[in-house]
Amino acid sequence: MLRSSRLNSDTSAMKDIILTTLFGNISISLSEPDQDGKRSGTIDWSEIQRDPTANGEDDSVDAIESLILAHACAGVDVESDAYIEGVNTALETIDNNS
(Lines give C-alpha, C1' and ligand atoms only; values in the text may rest on other atoms or scores of the structure.)
Protein backbone atom coordinates (compact mmCIF):
# COMPACT_ATOMS: atom_id res chain seq x y z
CA MET A 1 0.00 0.00 0.00
CA LEU A 2 1.21 3.47 -0.84
CA ARG A 3 0.69 6.01 1.93
CA SER A 4 1.81 9.53 2.49
CA SER A 5 2.48 11.75 5.44
CA ARG A 6 2.62 15.51 5.16
CA LEU A 7 5.45 16.98 7.19
CA ASN A 8 4.67 20.61 6.44
CA SER A 9 1.19 21.71 5.38
CA ASP A 10 1.99 25.42 4.86
CA THR A 11 1.66 26.04 1.11
CA SER A 12 3.92 29.12 1.28
CA ALA A 13 6.88 27.33 2.87
CA MET A 14 9.18 24.49 2.01
CA LYS A 15 7.31 21.22 2.00
CA ASP A 16 8.42 17.66 2.66
CA ILE A 17 6.27 14.67 1.74
CA ILE A 18 6.91 10.99 2.36
CA LEU A 19 5.06 8.41 0.30
CA THR A 20 5.37 4.91 1.71
CA THR A 21 5.12 2.20 -0.93
CA LEU A 22 5.40 -1.55 -0.96
CA PHE A 23 8.84 -0.94 -2.41
CA GLY A 24 10.10 1.63 0.12
CA ASN A 25 9.67 5.27 1.05
CA ILE A 26 9.69 8.04 -1.52
CA SER A 27 10.85 11.36 -0.03
CA ILE A 28 9.88 14.56 -1.82
CA SER A 29 11.27 17.96 -0.80
CA LEU A 30 9.69 20.99 -2.42
CA SER A 31 11.14 24.51 -2.35
CA GLU A 32 9.25 27.59 -1.32
CA PRO A 33 7.13 28.86 -4.22
CA ASP A 34 8.76 31.52 -6.41
CA GLN A 35 7.02 34.80 -7.30
CA ASP A 36 4.90 32.92 -9.87
CA GLY A 37 3.86 30.33 -7.29
CA LYS A 38 5.97 27.58 -8.84
CA ARG A 39 8.04 25.13 -6.84
CA SER A 40 11.09 23.06 -7.61
CA GLY A 41 12.05 19.97 -5.73
CA THR A 42 13.95 16.77 -5.27
CA ILE A 43 12.85 13.18 -4.93
CA ASP A 44 14.70 10.31 -3.28
CA TRP A 45 13.77 6.66 -3.42
CA SER A 46 17.03 5.26 -2.12
CA GLU A 47 15.39 2.22 -0.52
CA ILE A 48 14.40 0.63 -3.82
CA GLN A 49 16.63 -2.13 -5.11
CA ARG A 50 17.94 -1.13 -8.56
CA ASP A 51 18.82 -3.94 -10.96
CA PRO A 52 21.10 -2.84 -13.80
CA THR A 53 20.31 -6.06 -15.69
CA ALA A 54 16.53 -5.50 -15.64
CA ASN A 55 15.04 -4.82 -19.06
CA GLY A 56 13.63 -1.32 -18.69
CA GLU A 57 12.37 -1.77 -15.12
CA ASP A 58 14.71 0.90 -13.72
CA ASP A 59 13.71 3.25 -16.54
CA SER A 60 10.04 2.69 -15.69
CA VAL A 61 10.66 3.39 -12.01
CA ASP A 62 12.65 6.53 -12.91
CA ALA A 63 9.73 7.70 -15.04
CA ILE A 64 7.28 7.18 -12.15
CA GLU A 65 9.60 9.14 -9.84
CA SER A 66 9.86 12.00 -12.33
CA LEU A 67 6.11 12.11 -12.80
CA ILE A 68 5.44 12.17 -9.05
CA LEU A 69 7.94 15.03 -8.59
CA ALA A 70 6.55 17.00 -11.53
CA HIS A 71 3.01 16.62 -10.21
CA ALA A 72 4.04 17.66 -6.69
CA CYS A 73 5.88 20.74 -8.04
CA ALA A 74 2.83 21.67 -10.13
CA GLY A 75 0.56 21.54 -7.10
CA VAL A 76 -1.18 18.23 -7.77
CA ASP A 77 -2.24 16.61 -4.50
CA VAL A 78 0.10 13.62 -4.59
CA GLU A 79 -1.15 12.72 -1.13
CA SER A 80 -4.76 12.11 -2.18
CA ASP A 81 -6.10 8.58 -1.94
CA ALA A 82 -6.83 8.45 -5.68
CA TYR A 83 -3.32 9.57 -6.63
CA ILE A 84 -1.70 7.15 -4.20
CA GLU A 85 -3.83 4.28 -5.55
CA GLY A 86 -2.77 5.12 -9.11
CA VAL A 87 0.93 5.21 -8.25
CA ASN A 88 0.63 1.96 -6.34
CA THR A 89 -1.06 0.30 -9.32
CA ALA A 90 1.68 1.54 -11.66
CA LEU A 91 4.42 0.23 -9.38
CA GLU A 92 2.72 -3.15 -9.03
CA THR A 93 2.38 -3.37 -12.82
CA ILE A 94 6.08 -2.66 -13.28
CA ASP A 95 6.92 -5.31 -10.69
CA ASN A 96 4.58 -7.89 -12.24
CA ASN A 97 5.98 -7.32 -15.74
CA SER A 98 9.63 -7.54 -14.80
Side-chain angles (χ1 to χ4, degrees):
M1 172 171 275
L2 189 62
R3 296 184 188 184
S4 69
S5 60
R6 181 177 290 167
L7 302 180
N8 185 343
S9 61
D10 184 354
T11 58
S12 65
M14 291 189 66
K15 183 176 180 179
D16 294 314
I17 300 168
I18 297 175
L19 302 176
T20 302
T21 75
L22 293 172
F23 304 94
N25 290 334
I26 301 172
S27 299
I28 304 167
S29 294
L30 300 176
S31 68
E32 294 181 17
D34 64 14
Q35 67 259 13
D36 296 324
K38 296 182 180 179
R39 295 179 184 262
S40 61
T42 60
I43 189 164
D44 177 43
W45 198 359
S46 57
E47 296 176 12
I48 192 167
Q49 299 288 326
R50 302 288 181 159
D51 182 359
T53 63
N55 289 335
E57 182 177 347
D58 283 353
D59 293 339
S60 298
V61 171
D62 288 344
I64 296 290
E65 286 178 336
S66 296
L67 189 62
I68 293 169
L69 180 58
H71 283 163
C73 288
V76 172
D77 184 4
V78 298
E79 298 173 287
S80 74
D81 291 341
Y83 191 88
I84 291 170
E85 183 178 343
V87 171
N88 194 40
T89 300
L91 294 173
E92 288 175 335
T93 300
I94 292 167
D95 188 52
N96 290 336
N97 290 321
S98 60

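Only this structure's heavy atoms are used, side chains among them; waters, hydrogens and symmetry mates stay out. In what follows, residues are counted from 1 in the order of the sequence shown.
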Review point. Roughly how far, to the nearest 0.5 Å, is the OG1 atom of Thr42 from the CG atom of Leu69?
Key: 7.0 Å

Exercise for review: Please answer whether the main-chain N or O of Lys38 pairs with a side-chain N or O of Asp36 as donor and acceptor at a distance below 3.5 Å.
Suggested key: no

Check your understanding: For the hydrophobic clusters of this structure (ILVMFWY residues joined by side-chain heavy atoms under 4.5 Å, transitively), does one cluster hold both Leu67 and Ile84?
Key -> no

Practice item. Indicate the atoms forming the closest heavy-atom contact of Met14 with Glu32, along with that distance. Key: N-CG, 3.5 Å

Revision key, fill the gap. Closest non-hydrogen contact found for Cys73 with Gly41 is SG-N, 3.7 Å

**Study point:** Considering all heavy atoms, the nearest Ala72-Val78 contact
**Key:** N-CG1, 3.8 Å

Practice item. Return the set of residues passing side chain to side chain contact (heavy atoms under 4.5 Å, CB included) with Ala90 (not counting sequence neighbours), or none when no residue passes. Key: Ile64

Revision key, fill the gap. Between Thr93 and the options Asp95, Leu91, Thr89, the side chain to side chain contact (heavy atoms under 4.5 Å, CB included) test singles out Thr89

Check your understanding: For the atom pair CD (Glu65) and CG (Asp44), what is the distance rounded to the nearest 0.5 Å?
Key -> 8.0 Å

Check your understanding: If you take all heavy atoms of Tyr83 and Asp77, which pair is closest and at what distance?
Key -> CB-O, 3.7 Å

Review point. Just by distance, do the side chain of Ser40 and the backbone of Ser31 share a donor-acceptor pair under 3.5 Å?
Key: no

Point to revise | Check: Ile68 and Ile28 side chains under 4.5 Å, non-hydrogen atoms | key: yes

